[in-house]
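Please read the structure below before turning to the comments.
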Amino acid sequence: MGKNGRSKKSSIRYLLVLYITLVVISVPLLMIYFPSLKNSFNEYRVLEHYKLWRSSEEEKDRKEVLVFLKGISGYQEIVRVINPGLRDPLHYTLEALLLPLSVEEKEAGLYSEIMEGVTLKGATIQDDIAFVTLSPSFLLSDDLDEAGEEIDKTLSINLGTQGLVVIVEGSIVLRK
């Protein structure tokens with residue numbers, strides 16, 4: 001009985017080692033020989049999900065972002081809190097700026113030159129210049145230059161960008 005029990009345990013160990021070895025060798029080989037598999041890993045943002053899973057609860061739940069809003073005495077820095085989720089800092093910073101004004105902000109006499117309801121369609125940074133794609137309702141903003149200034153100042157202070165290009169429906173509408 002003791003001999004039979006040992007052979008079952010060693011068989012299970014052998015199968016477990018064989019399985020682990022197969023997975024460790026086959027996954028990298030599949031990613032090398034099938035680039036589409038690698039792209040699908042990137043599309044599902046596996047690494048971002050892993051980083052979020054490993055981050056502390058505090059980091060998952062909220063980030064403080066400085067945004068610039070206009071007031072009677074010019075631009076003012078306002079801290080807005082946003083849940084970043086899996087978004088990168090560029091996206092959650094822009095989304096914090098595009099949030100509707102809170103009651104407290106309105107009572108303080110602040111307003112945004114960016115038309116309420118503008119949504120972020122995409123954003124990237126290349127050579128310290130932010131390329132931001134916004135919904136067509138951005139064009140309904142009262143003063144596009146001032147709206148661009150709010151975006152530019154917010155990105156500059158939070159991410160260190162040194163320029164801005166705003167794109168709406170594939171056309172550049174603003175450069176700073």
Side-chain angles (χ1 to χ4, degrees), residues 30-53 55 59-72 74-103 105-106 108-176:
L30 284 172
M31 291 179 73
I32 290 170
Y33 289 108
F34 296 102
S36 61
L37 181 65
K38 184 178 177 186
N39 292 340
S40 66
F41 266 107
N42 290 340
E43 284 177 22
Y44 285 113
R45 301 161 68 177
V46 173
L47 292 177
E48 289 181 38
H49 284 276
Y50 177 73
K51 286 178 189 173
L52 182 68
W53 177 72
S55 65
E59 289 175 334
K60 286 183 203 176
D61 289 340
R62 57 186 226 110
K63 291 279 186 189
E64 290 183 349
V65 177
L66 281 176
V67 298
F68 283 86
L69 297 175
K70 214 147 184 216
I72 296 171
Y75 287 104
Q76 293 182 9
E77 291 180 8
I78 302 299
V79 175
R80 286 187 172 170
V81 177
I82 191 164
N83 181 348
L86 293 173
R87 298 168 291 189
D88 61 279
L90 174 62
H91 283 81
Y92 72 71
T93 299
L94 287 166
E95 288 181 11
L97 177 63
L98 296 175
L99 288 173
L101 293 173
S102 68
V103 173
E105 292 168 343
K106 288 178 184 176
L110 299 173
Y111 61 95
S112 178
E113 292 288 349
I114 302 169
M115 177 75 167
E116 191 168 320
V118 172
T119 57
L120 179 65
K121 298 294 184 184
T124 186
I125 297 175
Q126 295 176 353
D127 299 326
D128 291 333
I129 297 174
F131 293 86
V132 179
T133 305
L134 298 172
S135 63
S137 56
F138 176 75
L139 298 174
L140 300 174
S141 301
D142 290 334
D143 188 344
L144 291 181
D145 273 343
E146 291 295 319
E149 191 67 25
E150 285 180 22
I151 297 169
D152 190 38
K153 283 181 181 267
T154 298
L155 292 178
S156 175
I157 195 75
N158 286 289
L159 304 173
T161 60
Q162 298 187 9
L164 172 69
V165 175
V166 177
I167 303 165
V168 174
E169 293 185 331
S171 298
I172 296 174
V173 296
L174 186 66
R175 289 179 196 219
K176 292 233 166 242

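What you see below is based on every heavy atom in this structure, not just the backbone, and it leaves out hydrogens, waters and symmetry mates. Numbers here simply count residues along the sequence, with the first being 1.
- Of the listed residues (L139, I151, V166), just one forms a side-chain contact (heavy atoms from CB on, under 4.5 Å) with L174, and that residue is V166.
- Residues L69 and R80 meet the side-chain proximity criterion, which asks for heavy atoms closer than 4.5 Å.
- Atom OG1 of T119 and atom CD of E95 lie 9.5 Å apart (nearest 0.5 Å).
- Between the side chain of S135 and the main chain of V118, no donor-acceptor pair closer than 3.5 Å is present.
- Checking side-chain atoms of D128 against main-chain N and O of G160 turns up no donor-acceptor pair under 3.5 Å.
- If you take CD1 on I125 and CG on L164, they are separated by 10.5 Å, rounding to the nearest 0.5 Å.
- Using a 3.5 Å distance cut-off with no hydrogens or angles, the side chains of Y75 and E146 do pair a donor with an acceptor.
- Judged purely by atom type and a 3.5 angstrom limit, S141 uses its side chain to pair as donor or acceptor with the backbone of M115.
- In this structure, OG1 in T133 is found 10.0 Å from CD1 in I172, a value given to the nearest 0.5 Å.
- Applying side-chain contact (heavy atoms from CB on, under 4.5 Å) to L159 and the options L90, L94, D88 leaves one that passes, L90.
- Closest approach of E113 and E150 over heavy atoms only: N-OE2, 2.6 Å.
- Only one option out of L120, L155, V65, I114 pairs with L97 in a side-chain contact (heavy atoms from CB on, under 4.5 Å); it is I114.
- You'll find the side chain of F138 reaches within 4.5 Å of the side chain of L144, heavy atoms only.
- Judged by distance alone, the side chain of Q76 and the main-chain N or O of L110 form no donor-acceptor pair under 3.5 Å.
- Rounding to the nearest 0.5 Å gives a distance of 8.0 Å between OG1 of T93 and CD1 of I82.
- Heavy atoms only, all atoms of each residue included: I157 and T154 are closest at CG2-O, 3.4 Å.
- Under the 4.5 Å side-chain criterion, counting only non-hydrogen atoms from C-beta, P100 is in contact with E116.
- E77 and L66 get closest at one heavy-atom pair: OE1-CD1, 3.7 Å.
- Between L98 and L134, the closest side-chain pair of non-hydrogen atoms falls below 4.5 Å.
- Across all non-hydrogen atoms, the minimal contact from V67 to A96 is CG1-C, 4.1 Å.
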* Decide yes or no on side-chain contact (heavy atoms from CB on, under 4.5 Å) for I167 and V173, but give the supporting numbers first. => CA-CA 6 Å; I167 303 165; V173 296; over 6 Å; no
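- The line from CZ of R175 to CD1 of I129 is 9.0 Å long, rounded to the nearest 0.5 Å.
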